[in-house]
Amino acid sequence: HDEGACYMASEVYDTAVMLTHWGRTEANHTSGTAYWMDNYTMPAAWPGWNNDQDWRAVYGSHPCYTPGKDILLPAHKHIWDFLHSPLQGRPPYVRDILFFFRGDVGKTRDP
């Protein structure tokens, strides 16, 4: 799940190592999903659960990724995606910038 660690209970997040491809490090963040059922920023409460509090009280304020604690994995691509690459067997490019794509380009985002 893209944003799974973002809304994980703080008790779990603080003591576990996250394996994620979502490198958000800000503590006070909002969901970036275009799918409303995955929007963890929306308030919700269920009678009889967590003393009827909004469920957002459980996850508190922590980042989705903590450098030095968690492991950021690149999105998986199959080896066949690179088989005919013109870069095979060549020295790597010298790069002076880093681009990290966090997902969702917003094409299906609700207005």
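Starting from 1, each residue takes its place in the sequence as its number.
Linking Ile, Leu, Val, Met, Phe, Trp and Tyr whenever their side-chain heavy atoms come within less than 4.5 Å leaves Val12 and Val17 in two separate clusters.
Between Tyr65 and Met18, every side-chain heavy-atom pair lies at or beyond the 4.5 Å cut-off. Within the 4.5 Å cutoff, side-chain heavy atoms of Leu72 are placed close to those of Thr20.
Judged by distance alone, the side chain of Lys69 and the main-chain N or O of Thr15 form no donor-acceptor pair under 3.5 Å.
Listed by first and then second residue, the disulfide bond (SG atoms under 2.5 Å apart) pairs involving residues 23-60 amount to none (not counting sequence neighbours). Applying the disulfide bond (SG atoms under 2.5 Å apart) definition to pairs two or more places apart or across chains, those involving residues 10-73 are Cys6-Cys64.
Residue Ile97 shares its hydrophobic cluster (ILVMFWY side chains chained together at separations under 4.5 Å) with no other residue.
Among all heavy-atom pairs drawn from Ser10 and His62, the shortest one is OG-CD2, 3.3 Å. Listed here is the closest heavy atom pair of Pro63 and Thr25: CB-O, 3.4 Å.
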